[in-house]
Amino acid sequence: ETTYATILVEQRDRVGLITLNRPKALNALNTEVMNDVVAAAQVFDVDPSVGAIVITGSDRAFAAGADIKEMSEKDYSDMLSEQFFVGWDALAALRTPTIAAVNGYALGGGCELAMMCDMLIAGDSAVFGQPEINLGVIPGIGGSQRLTRAIGKAKAMDMILTGRQMKADEADRLGLVSRLVPADTMLEEALKVAAEIAGKSLVASSLAKEAVNRAFESGLLEGIRVERSLFYSAFATDDQSEGMAAFAEKRKPNFTHR
Ligand code: CAA
């Protein structure tokens, strides 16, 4: 098993768990963290024994943003030639459902990483924000797009232009959060939801997340067309026959994820 310098990785039954582990920097997301998270997630993604991936941080911080110390040395040409942050795109492209399990600070890139996941389970200690404006920059890992789609222009402009922090209850009310739970049981709850998802057909959950994600990426008519063809493709799978046969026979389905 591979070990990584900046994250802890373990598998619990059908759930892959990635824990950001740079406590001294509040899990700031430097290039090494990006490479570690993406590499570990991609290993889980091609492993049929993994049906859901949870990404979490610590009680104090999910992640306090991209690493400001790393970025402070860079100029425009560095950003272009290094394709800075582009590696994160691979995380949003996983086929396996992903859950961000958030306690404490989810700021800047931390908020963007959480929004990149398919579901966001927050403890009531979670704090969200896009404070890049205070550093003279703007969000760079999709925050201006995903936050606006998640909570609308009025609230996204408020957060991105002022850099203000938003507490978990407001984020939950606005639809940024899938489930809000007490901080001390947050990870347990997230792992429970992940296990529930991982118990379903992985081919179906992959199609489902692709279809929902298309709602973010395209207009309604195109999205509906894509959904229809993904829906049809489910009928090429064993899990569809099994799921429907099990319903008719009043028993639990035995999915093979094929
Ligand atoms: N990058 C690098 N180091 C960071 C960091 C970051 N984003 N956030 C925190 N740290 C470091 C601090 O420098 C400090 O290290 P030292 O002990 O070596 O000084 C350590 O983590 C602990 O942080 P604080 O002492 O500041 O802790 P605090 O409890 O007083 O404050 C905080 C917590 C409010 C989150 C504060 O750390 C903070 O404001 N962090 C920066 C938040 C931020 O601006 N994030 C956006 C980054 S830009 C970005 O993300 C761009 C993008 O779109 C991807």
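Everything numeric here is computed off the predicted structure, so don't read it as measured data. For ligands, and for the atoms within them, numbers begin at 1 and follow the listed sequence.
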Original post:
Which pairs count as salt bridge (charged side-chain N to carboxylate O under 4.0 Å, His left out) when at least one residue sits in residues 230-240, sequence neighbours excluded?
Top reply: none
Original post:
In chain order, what residues pass the ring-ring contact (aromatic ring centres under 6.0 Å, His included) check against Phe235, with sequence neighbours excluded?
Top reply: Phe231
Original post:
Should Lys192 and Glu189 count as an ion pair when the cut-off is N to O under 4.0 Å?
Top reply: yes
**OP:** Enumerate the protein residues lying less than 4.0 Å from ligand 1, judged by heavy-atom distances, in chain and residue-number order.
**Re:** Lys24, Ala25, Leu26, Ala28, Arg60, Ala64, Gly65, Ala66, Asp67, Ile68, Lys69, Met71, Phe85, Tyr105, Leu107, Gly108, Gly109, Glu112, Pro131, Glu132, Leu135, Ile138, Pro139, Gly140, Ile141
Original post:
Looking at Glu10 and Arg12, does any basic side-chain N land under 4.0 Å from a carboxylate oxygen?
Top reply: yes
**OP:** Please write out which residues are connected to Val46 in a hydrophobic cluster, directly or through intermediates, given that two of Ile, Leu, Val, Met, Phe, Trp, Tyr count as joined at side-chain heavy-atom separations below 4.5 angstrom.
**Re:** none
**OP:** Give a yes or no on this: more than 12 heavy atoms of other residues, nucleotides or ligands lie within 6.0 Å of atom CG of Leu135.
**Re:** yes
